[in-house]
There are 2 protein chains.
Amino acid sequence: MANETHALNERAQLLLKTLVERYIADGQPVGSRALSKFSGLDLSPASIRNVMADLEDMGLIASPHTSAGRIPTPRGYRFFVDTLLTIKPLDRVEINQLEGQLQVESTQKLVASASQVLSEITRFAGVVVTPRRSAGFRHIEFLRLAEKRLLLILVTAEGDVQNRIIQTEKAYTPSELIEAANMLNQNYAGCTFEEIRRRIQSELKQLREDMSQLMTAALAAGDQAVSESAEDVVISGGMNLLGINDLSSNMTKLRDLFNLFEHRATLLQLLDVSSRAQGVQIFIGGEAGLTPLDECSVVTAPYEVDGKIVGTVGVIGPTRMAYERVIPIVDITAKLLSSALTQR
Amino acid sequence: MANETHALNERAQLLLKTLVERYIADGQPVGSRALSKFSGLDLSPASIRNVMADLEDMGLIASPHTSAGRIPTPRGYRFFVDTLLTIKPLDRVEINQLEGQLQVESTQKLVASASQVLSEITRFAGVVVTPRRSAGFRHIEFLRLAEKRLLLILVTAEGDVQNRIIQTEKAYTPSELIEAANMLNQNYAGCTFEEIRRRIQSELKQLREDMSQLMTAALAAGDQAVSESAEDVVISGGMNLLGINDLSSNMTKLRDLFNLFEHRATLLQLLDVSSRAQGVQIFIGGEAGLTPLDECSVVTAPYEVDGKIVGTVGVIGPTRMAYERVIPIVDITAKLLSSALTQR
DNA sequence: CATTGGCGCTCTGTTGCAGAGAGTGCTGAG
DNA sequence: CTCAGCACTCTCTGCAACAGAGCGCCAATG
């Protein structure tokens with residue numbers, strides 16, 4: 001027993017690799033005979049059994065019961081994706097296809113379509129964390145709808161547009177509205193609402209009474225607009241997971257999973273962690289500490305605007321997924337999203 | 001055998017009613033003994049068996065196999081909801097609860113929250129068809145974002161706000177933009193874009209060249225905004241259907257159902273039909289002609305704006321659902337939605 | 001000493017079978 | 001018309017037997 005240390009010899013690694021690949025392809029436990037056929041090595045099943053016993057001792061594979069083949073453990077998957085996996089880059093064609101399906105009209109649509117594209121192309125669930133907004137604005141405008149109803153139009157620093165209808169106590173004249181908008185735009189564009197509030201507070205006495213009312217109403221609406229469109233997670237194609245028999249065998253587990261989807265908060269936490277890392281990250285099984293994700297893996301990649309990470313895209317699927325395909329897809333999607341968001 | 005005609009005598013009706021009620025409550029086929037216990041009539045199981053045989057002959061109930069109890073057929077359900085069902089109106093409390101959960105901020109939110117409320121309160125899937133927009137506008141505004149980028153703000157006749165970013169070939173001055181917006185607002189407010197297009201075409205020569213370019217860009221954007229926000233169906237809580245064992249017993253059926261959800265077009269067709277009727281409508285099983293809805297029922301009610309029907313709300317659940325609860329819920333939701341939409 | 005063929009062991013999945021339980025249809029009596 | 005009783009049918013469960021798959025171990029081999 002020389003190889004009980006962490007260093008797997010080359011043969012053991014190759015065997016583990018083919019075992020994982022075959023299991024991902026078939027979904028069936030892999031036996032020594034099958035492995036001897038597909039490994040490429042010219043070894044008899046008996047020899048392979050010895051190696052498999054070692055791999056099992058190291059906690060990389062396990063057998064569901066004495067007389068079935070072996071399947072990878074979470075640790076086995078981890079070793080596989082970390083050191084054995086050979087990812088093939090995407091075709092130019094596939095990249096174009098991805099790019100073509102992103103809807104660039106607005107940030108919201110962009111994010112939603114990214115999630116949808118991921119789910120469609122991988123046939124798993126696509127998730128995207130929407131960018132956290134900096135609470136500033138680029139431009140503000142009032143539009144008179146009715147006697148005492150105003151439409152507040154807010155162009156955020158990211159170039160996104162928000163609308164809010166506000167009720168006022170007093171009826172403002174068009175010129176008053178223009179004056180107020182001008183004042184906000186000229187003096188405070190780029191500031192957060194908190195900053196504006198502080199500064200206005202100190203200048204309050206100089207403002208006409210009616211104007212200050214309008215200002216505070218606008219600030220409140222702005223705050224609300226920003227907080228409402230805070231970080232959130234968009235999930236597409238959750239239904240796809242129904243088709244995965246790895247999961248659907250266990251109805252309760254599946255329902256737990258969907259429950260997790262509805263409670264976005266916990267999911268957000270997981271995805272936030274991933275946004276601290278640089279490239280593609282992979283969470284296998286319950287690594288994230290979320291039990292409902294027991295037999296799932298999460299593949300994520302952060303995306304950025306102007307070089308700053310603002311969110312995360314990813315895919316949730318069964319642990320037994322074709323990583324070599326999913327990883328580049330998530331990677332490219334994150335990059336496409338980054339460039340689409342930076343352009344605007 | 002005098003009662004083989006369509007006229008069910010009172011006793012048979014009562015028995016059918018309790019049978020359906022018990023089946024809806026238990027989900028188990030109902031046998032003659034159970035029926036004799038719960039019907040309230042003082043009959044022995046043997047007599048009841050005679051009546052049940054009649055009901056089976058008429059196609060109102062059926063047995064899954066020789067020695068199980070009976071379950072209602074689709075025709076049985078239909079008869080039940082048409083003539084036997086006693087619906088109890090909602091509590092004041094429940095109505096308030098419903099009302100409280102509707103988010104009235106915008107039409108979109110209102111519709112989305114209606115769907116969500118329905119799904120949460122019934123624990124089935126909630127569906128709402130968004131109102132088809134009349135293609136007119138109430139107010140239009142241009143906002144300068146950058147050199148040649150304008151933000152077009154469109155307040156629709158329904159009071160909804162749409163934004164569109166348009167690229168122009170020429171850089172317009174603020175005063176030109178205001179002039180263009182004023183012209184559109186003063187002359188064409190309330191018209192459809194098609195009308196405006198026709199009228200502008202004839203007046204084209206009188207317009208300055210650069211202005212006409214801006215106008216046509218605005219019209220195109222307006223058209224797009226309107227067509228994009230055409231009729232659509234919003235589905236909430238599709239996941240709820242996972243919990244229904246009536247359906248989850250059959251994974252394939254469940255998947256078909258979710259496929260139907262993704263292809264909104266077909267669903268839209270069904271819900272459109274329902275909008276022609278006046279009050280609550282119930283589609284049982286495949287009555288709608290959609291096979292994936294085999295073991296489902298759809299309960300719908302149209303909602304209106306200013307007395308004109310503009311959309312449909314409803315619930316999709318298992319055929320074995322508590323109609324006496326679901327029907328008033330859908331009914332009230334439609335009414336609340338109507339009044340919320342009419343107020344604005 | 002790594003490799004290999006062989007043998008016994010264990011576990012699963014399927015099949016056949018018997019018995020219990022549930023519910024029906026029918027019949028004959030009140 | 002109602003009802004008790006009886007035979008019949010169908011499902012469900014547990015049990016036993018059996019084939020298949022795969023492993024571990026051991027002894028033989030180059």
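Quick caveat: nothing in here was measured; it's all calculated off a predicted structure. Values below: every heavy atom of this structure, side chains too, minus hydrogens, waters and symmetry copies. Convention: sequence-line order gives letters A, B, ...; per-chain numbering from 1.
Residues that satisfy the side chain to side chain donor-acceptor pair (under 3.5 Å) test with Y323(A), not counting sequence neighbours, are S297(A). Legend: residues meeting side chain to side chain contact (heavy atoms under 4.5 Å, CB included) with S119(B), ordered by chain and number and at least two apart, are S236(B), N240(B). Listed by chain and number, the residues in a ring-ring contact (aromatic ring centres under 6.0 Å, His included) with F80(A) amount to none (sequence neighbours excluded). Scanning for side chain to side chain contact (heavy atoms under 4.5 Å, CB included) contacts around S32(B) gives P45(B), I48(B), R49(B), M52(B), with sequence neighbours left out. Here H263(A) pairs with T266(A) under the side chain to side chain contact (heavy atoms under 4.5 Å, CB included) rule; sequence neighbours left out. A search for salt bridge (Lys or Arg N to Asp or Glu O under 4.0 Å) contacts involving D82(B) returns R78(B), not counting sequence neighbours. Partners of E120(A) under the salt bridge (Lys or Arg N to Asp or Glu O under 4.0 Å) rule, at least two apart in sequence or in another chain, do not exist in this structure. Under the rule for a salt bridge (Lys or Arg N to Asp or Glu O under 4.0 Å), the partners of D26(A) that lie at least two apart in sequence or sit in another chain are R22(A). Partners of E94(B) according to the side chain to side chain contact (heavy atoms under 4.5 Å, CB included) rule, which considers only residues two or more places apart in sequence or in another chain, are L90(B), D91(B), R325(B).
Heavy atoms of other residues, nucleotides or ligands lying less than 6.0 angstrom from CZ of R264(B) number more than 12.
Listed by residue number, the members of residues 29-38 of chain B with any heavy atom below 4.0 angstrom from DNA chain D form an empty set.
Read 5' to 3', the first and last nucleotides of DNA chain D with an atom closer than 4.0 Å to a heavy atom of chain B are dT2(D) to dT11(D).
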5' to 3', nucleotides 3-20 of chain C under a 4.0 Å protein heavy-atom cut-off (B base, S sugar-phosphate only, - none) gives SBBB---BBS--------

